[in-house]
There are 2 protein chains.
Amino acid sequence: MSTSPRATRRTVGITEVARHAGVSPGTVSNVLNRPERVAATTRRKVEAAIAELDYVRNSSGSSLRSGRSGSVGLLVLDVTNPFFTEVARGVEEEAATAGLAVVLLNSAEQQDRQRRNLRLLAEQRAAGAVVMPVDDDLSDLVWLARQGTAWVALDRGDVSEEVGCSVSVDNHAGGLAAGRHLIGLGHERITFLTGPFAIEQVRRRHDGLREACAEAHLDPDQAVRVIEQPQLNADHGERAVDAVLAGGPRRRPQAVFCANDQLALGLMKGLGRRGIRVPEDISVVGYDNVDFADLVHPGLTSVAQPKFDLGRSAMRLLISELNDPDHRHERTWFTPELVVRGSTAARRT
Amino acid sequence: MSTSPRATRRTVGITEVARHAGVSPGTVSNVLNRPERVAATTRRKVEAAIAELDYVRNSSGSSLRSGRSGSVGLLVLDVTNPFFTEVARGVEEEAATAGLAVVLLNSAEQQDRQRRNLRLLAEQRAAGAVVMPVDDDLSDLVWLARQGTAWVALDRGDVSEEVGCSVSVDNHAGGLAAGRHLIGLGHERITFLTGPFAIEQVRRRHDGLREACAEAHLDPDQAVRVIEQPQLNADHGERAVDAVLAGGPRRRPQAVFCANDQLALGLMKGLGRRGIRVPEDISVVGYDNVDFADLVHPGLTSVAQPKFDLGRSAMRLLISELNDPDHRHERTWFTPELVVRGSTAARRT
DNA sequence: CACTCGGATTGAAACGTGTCAATAACTTTC
DNA sequence: GAAAGTTATTGACACGTTTCAATCCGAGTG
């Protein structure tokens with residue numbers, strides 16, 4: 001509603017609103033932050049002035065004064081991975097109920113990018129952060145907490161309550177479930193196709209698989225072969241096909257358990273190219289139960305993680321840490337669930 | 001390196017650094033922002049003090065004083081859609097070169113969420129924003145510009161240079177390419193499976209398809225049937241299968257052109273359930289060429305958009321607008337490219 | 001040697017908000 | 001109707017930074 005399109009930049013502040021409404025700046029501030037403390041009639045006057053002047057609050061000013069900003073960071077390992085975006089939705093939804101703005105940051109699985117992003121959060125005096133750490137080194141997070149920014153670690157089980165809150169999924173149980181399923185179908189030569197073992201989640205899933213073998217009186221060293229790829233994406237899944245099939249039809253695995261759906265889907269594509277049928281020739285199991293797992297043909301059997309709830313409860317933990325003055329760090333565990341689809345079948349031979 | 005773990009919160013500011021280095025606060029500020037203006041020896045002194053005190057800049061203070069913050073917003077329609085996350089990568093990479101921090105916001109295709117997020121950017125005095133608008137109503141963006149936050153519209157062709165910069169892909173050309181491909185394969189009954197026609201991109205793709213018909217001397221009204229779904233996701237693609245197959249084998253379409261890969265993948269799943277084979281019984285074409293298009297079987301023929309470059313050039317435009325004082329709004333066009341895979345084949349009958 | 005010039009540094013004044021002790025206005029009580 | 005109590009409002013200050021005119025210093029010049 002400005003008169004001239006190129007009017008000089010007027011900078012409407014709390015003081016101008018106050019003048020316009022005939023009250024003091026302090027009252028305007030109260031209307032904005034603790035409306036219950038101000039009488040209804042003056043509140044309406046102030047609100048009218050705000051609307052008329054098209055006042056928009058300057059969050060730099062407020063967070064400078066109060067020492068903390070009203071936004072929280074969400075640092076994910078890979079914005080491209082559907083697993084993380086689903087988690088992000090959970091975080092966002094919960095943050096919205098607390099009136100917190102979420103800034104999404106991407107570490108792309110690189111330590112220096114993680115460090116840069118954490119520093120950014122410190123500079124912005126972010127209220128808190130939900131972080132999926134790239135590796136076991138949590139020293140940067142400890143630093144962040146010392147700067148006054150609280151955090152919750154996501155999907156990393158080995159964070160002790162001494163250091164901070166965490167919410168994670170039981171990766172051992174996931175590996176165990178996948179292993180039991182495959183062994184139950186009669187498979188005795190299983191390949192574990194994975195990313196770097198430096199990733200804790202991957203190690204646990206592997207352990208779970210091996211435990212399933214032991215349960216069934218199979219020697220894990222005999223039954224399980226490991227193929228380690230540098231990254232957990234579809235491209236590396238496809239490239240792994242040679243290694244998976246090495247040894248010819250007699251020694252090739254009857255089933256492949258992939259540490260990740262992307263790997264599994266890539267592998268399935270590679271197998272298709274080779275003319276190997278899934279599940280007739282080889283069963284495939286993925287991990288994460290990404291939406292797309294249901295869209296390929298055959299549907300991908302996968303270990304489902306409660307992605308949305310994961311994000312939501314991480315944010316809840318963070319909010320409680322922000323509000324509760326004598327908060328003790330907590331650890332929340334989720335249990336994964338196997339979703340069986342067409343990519344796994346009973347052993348044929 | 002603090003002595004006691006629960007030391008009282010010291011708030012190391014620019015002034016304390018100055019005192020420690022034996023210079024004035026102004027000099028410290030210069031070291032941080034225009035290092036070339038300060039002599040090498042004093043600069044080193046200041047840097048030493050910064051390191052020793054573990055000083056971390058308070059961005060609230062600086063953006064309060066300077067009137068603008070050093071971060072830009074990226075407002076996407078759907079964080080869950082791989083298309084947008086790929087765009088986000090391009091934006092991020094380019095922003096990093098300019099030292100800008102990107103905050104990723106999600107409008108979830110809802111107008112009120114878009115509005116809320118734009119308001120947030122105004123409150124934070126963001127330097128700029130890359131925005132994918134939810135609909136044709138750009139008034140909130142005009143408002144944002146009046147608040148001093150520059151923006152670039154992404155993937156919306158009808159933004160005039162009067163209003164702002166934009167970068168988009170020629171959706172008409174995409175529809176045309178898909179149509180030519182299908183008609184070239186001999187298909188004469190084509191269904192256009194789409195989201196709401198309120199979305200401009202969708203209308204253009206439809207126009208392109210019809211033009212392809214006209215080129216081939218087919219009456220578009222005869223050849224093209226439209227099925228409109230409320231959302232562009234896999235779920236609605238799958239649900240559309242009844243409508244697609246309506247009319248029985250004789251009247252059913254020979255090919256389906258989907259406005260979106262998610263729709264296409266959902267549809268393919270639904271067709272599989274019904275025992276309809278792709279491409280033998282029906283050819284399917286998608287749009288966006290999402291990574292997963294290559295992972296399903298058969299591979300999904302799709303119209304590829306230069307996702308990464310789209311994000312990158314939007315950010316470039318924004319940066320030039322921020323730096324160049326007498327900037328004129330620009331419009332950048334990209335041309336999509338058809339990627340042929342296994343989901344399309346010549347007409348059988 | 002006096003003078004000028006240019007680069008390096010300083011110091012104080014904002015930027016817009018939240019806080020809090022102090023005051024004002026209003027209500028209740030006896 | 002005055003005192004005591006309660007609720008609303010005020011006003012000045014501080015948060016940490018950037019900016020800019022003013023000052024300082026040392027080197028070059030006539």
Side-chain angles (χ1 to χ4, degrees), chain A residues 8-47 49-50 53-71 99 122-127 147-148, chain B residues 8-47 49-50 53-71 99 122-127 147-148:
Chain A
T8 54
R9 181 99 258 107
R10 56 194 177 127
T11 165
V12 190
I14 213 180
T15 48
E16 189 171 337
V17 172
R19 201 181 315 141
H20 199 268
V23 297
S24 84
T27 303
V28 177
S29 174
N30 281 335
V31 170
L32 265 58
N33 302 314
R34 302 111 106 187
E36 72 281 0
R37 291 206 191 170
V38 49
T41 66
T42 51
R43 181 171 56 213
R44 271 193 290 276
K45 260 192 308 183
V46 171
E47 280 162 353
I50 287 176
L53 296 176
D54 193 18
Y55 162 77
V56 6
R57 158 211 226 107
N58 185 331
S59 52
S60 305
S62 57
S63 56
L64 171 59
R65 172 60 229 226
S66 64
R68 284 284 127 207
S69 93
S71 53
E123 291 185 352
Q124 309 204 133
R125 304 296 190 267
Q147 299 298 323
Chain B
T8 55
R9 182 96 261 106
R10 56 195 177 125
T11 165
V12 190
I14 214 180
T15 48
E16 189 171 336
V17 172
R19 199 181 317 142
H20 200 267
V23 297
S24 84
T27 303
V28 177
S29 174
N30 282 334
V31 170
L32 264 51
N33 303 313
R34 298 107 106 190
E36 71 283 0
R37 291 204 190 170
V38 48
T41 65
T42 51
R43 182 171 55 214
R44 271 193 291 275
K45 258 192 308 182
V46 171
E47 280 162 352
I50 286 177
L53 296 176
D54 192 18
Y55 162 77
V56 7
R57 158 212 227 107
N58 184 331
S59 52
S60 304
S62 64
S63 55
L64 172 58
R65 172 60 229 223
S66 62
R68 283 287 125 205
S69 93
S71 53
E123 290 184 353
Q124 310 205 133
R125 303 296 191 267
Q147 300 298 324

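In this text, all values refer to a predicted model and were calculated from it rather than measured experimentally. Here is the naming used below: chain letters follow the sequence lines, and residue numbers restart at 1 for every chain.
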Checking all strands, does [X] fall into the base, sugar-phosphate, or nothing category for heavy-atom contacts under 4.0 angstrom?
X	answer
S62(A)	sugar-phosphate
R34(B)	sugar-phosphate
S63(A)	nothing
S60(B)	nothing

Let's see if you can work this out: which of [options] has an atom nearest to the side-chain heavy atoms of [X]?
X	options	value
V38(B)	dG18(C), dT17(C), dT9(C)	dT9(C)
V23(A)	dA8(D), dT10(D), dT19(C)	dT10(D)
N58(A)	dG16(C), dT17(D), dG11(D)	dG16(C)
T27(B)	dT10(D), dT10(C), dT17(D)	dT10(C)
Y55(A)	dT19(C), dT17(D), dT17(C)	dT17(C)
L64(A)	dA8(C), dG16(C), dT17(C)	dG16(C)
T11(A)	dT9(C), dG16(C), dT19(D)	dG16(C)

Checklist outcome for this item: Partner of V31(B) under side chain to side chain contact (heavy atoms under 4.5 Å, CB included), picked from V17(B), V46(B), V23(B), I14(B), is V46(B)

Checklist entry - Atom CD of E36(A) and atom CG of N30(A): how far apart are they, to the nearest 0.5 Å? => result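 So the gap between those two atoms works out to 8.5 Å.
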
Checklist entry - Just how far is it from atom CZ of R37(A) to atom OG1 of T27(A), taken to the nearest 0.5 Å? => result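 OG1 of T27(A) is found 12.5 Å from CZ of R37(A).
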
Next on the checklist: I want to check one thing: is the phosphate of dT9(C), taken as OP1 and OP2, less than 4.0 Å away from some side-chain N or O of R43(B)?
Outcome noted: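 Answer no for this pair, as no side-chain N or O of R43(B) is under 4.0 Å from OP1 or OP2.
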
Item to check | N30(B) side-chain N/O to dA8(C) phosphate OP1/OP2 under 4.0 Å | outcome: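 Looking at the OP1 and OP2 atoms of dA8(C), neither is under 4.0 Å from any side-chain N or O of N30(B).
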
Next on the checklist: Is there, by distance only and without an angle test, a donor paired with an acceptor across the side chain of R65(B) and the base of dT18(D) below 3.5 Å?
Outcome noted: yes

Next on the checklist: Checking S60(B) against S63(A): is there a side-chain donor and acceptor pair closer than 3.5 Å?
Outcome noted: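 Yes, a side-chain donor-acceptor pair sits under 3.5 Å.
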
Checklist entry - Starting at the 5' end of DNA chain C and moving along, which residue's nearest nucleotide shows up first, T41(B) or G61(B)? => result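 Result: T41(B).
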
